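Because the structure is predicted, anything quoted here is derived from the model rather than measured. The first residue in the sequence is number 1, and the count goes up from there.
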Amino acid sequence: MIICIGAGPGDHSYLTMRGAELIRNADVVAGFNAVVDVVKDLIPVSAQVVLMGYRDQVAKLDEVAALHHAGKRCVVVFMGDIHFSGFQYLERVERACGHRVETLPGISSAQILASRARVCFDETTFITFHRRGDLEPFKRHLVNVLNDGRNAIVIPCPWDAARSFMPRHIATYLLQQGVNPEHPTEVWENLTRGDAEWHGKLADCADKEFSDMSIMLIRTLTPMDSQIEPPPEKVAAGARG
């Protein structure tokens with residue numbers, strides 16, 4: 001067995017019960033150092049732990065795949081939800097194993113942000129720049145999302161300076177593309193682990209520095225009106241017959 005699980009946004013009280021059970025019963029627990037650290041209290045002392053970073057992840061996943069093929073129960077942990085910003089990592093796991101693997105969704109920072117900021121996902125588009133490869137199609141998509149009158153929840157790209165695309169870079173890019181500088185904008189850091197939040201306008205964000213553990217909300221300038229039924233009319237006092 002090998003299964004990839006979303007370990008939540010950082011506080012393991014947001015890990016699903018099924019995910020916790022799989023970790024407690026695993027022979028092998030693998031993942032990036034910071035993510036494994038989130039679930040370390042759940043890992044059995046008998047389990048083999050395989051830690052990795054960006055530079056050695058391919059070689060380490062080959063080790064995990066070999067243990068899987070030898071009959072070990074293997075769990076690979078992801079931060080947040082696998083399908084929000086970890087899909088490339090999932091592809092690497094499957095390439096190492098030579099077949100599709102089972103996945104268990106987790107709670108993502110995007111879901112926590114939507115809850116804290118009270119935005120509806122039906123009216124909001126999620127975009128992640130936390131990925132390898134060409135970011136340009138996703139940048140253009142973000143411009144179109146805002147021009148279409150939707151909110152945008154955005155995970156920045158925090159890697160090396162050559163391709164970093166953090167909140168200030170995102171704001172600067174959008175302003176250069178003619179996006180209205182008045183968009184209400186929020187940046188949240190370390191969700192569920194000592195939250196910090198910044199509120200302002202898109203233009204104000206262009207010179208602000210935030211940590212790698214950031215997520216961004218850019219609100220639409222034209223919020224959708226409520227589409228629920230109108231409240232019942234109150235009967236005026238003395239009008240009852």
Side-chain angles (χ1 to χ4, degrees), residues 4-11 14-15 31-35 38 53-54 57 77-92 103 105-146 148 150-174 177 179 183-200 202 205-206 208-220:
C4 296
I5 68 168
D11 180 337
Y14 289 88
L15 176 67
F32 283 80
N33 299 39
V35 187
V38 170
Y54 285 107
Q57 60 181 305
V77 290
F78 290 58
M79 190 63 83
D81 183 280
I82 299 161
H83 306 281
F84 273 64
S85 57
F87 209 75
Q88 289 181 322
Y89 188 38
L90 173 61
E91 289 180 306
R92 291 188 182 96
T103 63
I107 295 175
S108 71
S109 57
Q111 291 167 295
I112 298 293
L113 172 58
S115 175
R116 300 280 174 86
R118 294 190 63 81
V119 293
C120 172
F121 266 114
D122 287 352
E123 302 162 15
T124 305
T125 297
F126 169 77
I127 300 174
T128 179
F129 294 105
H130 195 278
R131 60 187 302 122
R132 302 290 181 181
D134 185 10
L135 298 181
E136 290 303 319
F138 302 94
K139 292 180 181 181
R140 292 194 297 270
H141 182 39
L142 176 57
V143 173
N144 292 332
V145 164
L146 295 171
D148 284 345
R150 295 177 61 80
N151 305 303
I153 291 177
V154 184
I155 293 184
C157 176
W159 294 324
D160 57 274
R163 69 189 313 271
S164 181
F165 200 52
M166 292 297 285
R168 64 186 178 88
H169 304 122
I170 294 168
T172 298
Y173 170 81
L174 292 173
Q177 302 304 308
V179 173
H183 276 278
T185 301
E186 301 168 28
V187 180
W188 296 66
E189 300 176 274
N190 296 304
L191 280 172
T192 74
R193 292 189 292 180
D195 303 350
E197 56 185 290
W198 175 86
H199 297 251
L202 186 63
C205 190
K208 297 289 188 296
E209 294 283 353
F210 297 98
S211 72
D212 289 358
M213 300 299 291
S214 299
I215 186 168
M216 191 176 188
L217 169 65
I218 308 170
R219 294 181 184 269
T220 179

Check your understanding: What's the shortest heavy-atom distance between C4 and I82, and which atoms?
Key -> O-CD1, 3.1 Å
Point to revise | side chain to side chain donor-acceptor pair (under 3.5 Å) partners for T220, two or more places apart | key: T222
Revision key, fill the gap. Sorted by chain and number, sequence neighbours left out, side chain to side chain donor-acceptor pair (under 3.5 Å) with S109 holds for none
Practice item. Identify, with sequence neighbours excluded, every residue that meets side chain to side chain donor-acceptor pair (under 3.5 Å) alongside S211. Key: E189
**Study point:** Nearest atoms (heavy-atom pairs only) where L15 meets A7
**Key:** CD1-CA, 3.6 Å
Check your understanding: Roughly how far apart are M213 CE and I155 CD1, rounded to 0.5 Å?
Key -> 9.5 Å
Exercise for review: To the nearest 0.5 Å, tell me how far D81 CG sits from F87 CZ.
Suggested key: 11.0 Å
Exercise for review: Quick one: list whatever passes ring pair (Phe, Tyr, Trp, His ring centres under 6.0 Å) with Y89, sequence neighbours left out.
Suggested key: F32, F78
Practice item. Kindly indicate whether the side chain of K139, heavy atoms from C-beta on, has any atom under 4.5 Å from the side chain of Q177. Key: no
**Study point:** Pairwise distance NE2(H183) to CG(L202) - rounded to 0.5 angstrom
**Key:** 7.0 Å
Exercise for review: Rounded to the nearest 0.5 Å, what's the gap from NE2 on H199 to OG1 on T185? Could you check?
Suggested key: 11.0 Å
Check your understanding: Can you list the steps and then say if I218 with L174 is a side chain to side chain contact (heavy atoms under 4.5 Å, CB included)?
Key -> CA-CA 11 Å; I218 308 170; L174 292 173; 3.6 Å; yes
Kindly list each side-chain donor-acceptor pair under 3.5 angstrom involving residues 117-131, sequence neighbours excluded, with atom names and distances?
from	atom 1	to	atom 2	distance (Å)
T124	OG1	C120	O	2.7
T124	OG1	N151	ND2	3.2
T125	OG1	R150	NE	2.8
T128	OG1	H130	N	3.0

Practice item. Could you list the residues that satisfy side-chain contact (heavy atoms from CB on, under 4.5 Å) with N33, not counting sequence neighbours? Key: L51
Practice item. Please name the pair of heavy atoms, one in P158 and one in P156, separated by the smallest distance, quoted to 0.1 Å. Key: CD-O, 3.5 Å
Practice item. Apply side-chain contact (heavy atoms from CB on, under 4.5 Å) to D148 and list each qualifying residue two or more places apart in sequence or on a separate chain. Key: none
**Study point:** Spatial distance of atom CD1 (I153) from atom CG (L142) [nearest 0.5 Å]
**Key:** 12.0 Å
Exercise for review: Look up atom CG in L146 and atom CZ in R219, then write down how far apart they are to the nearest 0.5 Å.
Suggested key: 13.0 Å
Review point. Of all residues at least two apart in sequence or in a different chain, which pass the side-chain contact (heavy atoms from CB on, under 4.5 Å) check with S164?
Key: M166, H169
Practice item. Could you list the residues that satisfy side chain to side chain donor-acceptor pair (under 3.5 Å) with T103, not counting sequence neighbours? Key: H83
Check your understanding: Where is the tightest heavy-atom contact between M79 and G10, given as atom of each residue plus distance?
Key -> SD-N, 4.0 Å
Check your understanding: Taking only residues two or more places apart in sequence, or in another chain, which ones meet E209 in a side-chain contact (heavy atoms from CB on, under 4.5 Å)?
Key -> R168
Practice item. For residues V187 and C205, report the shortest heavy-atom separation together with the two atoms involved. Key: CG2-SG, 4.1 Å
Review point. Is the backbone of R132 close enough, under 3.5 Å, to the side chain of Q88 for a donor and an acceptor to pair up by distance?
Key: yes
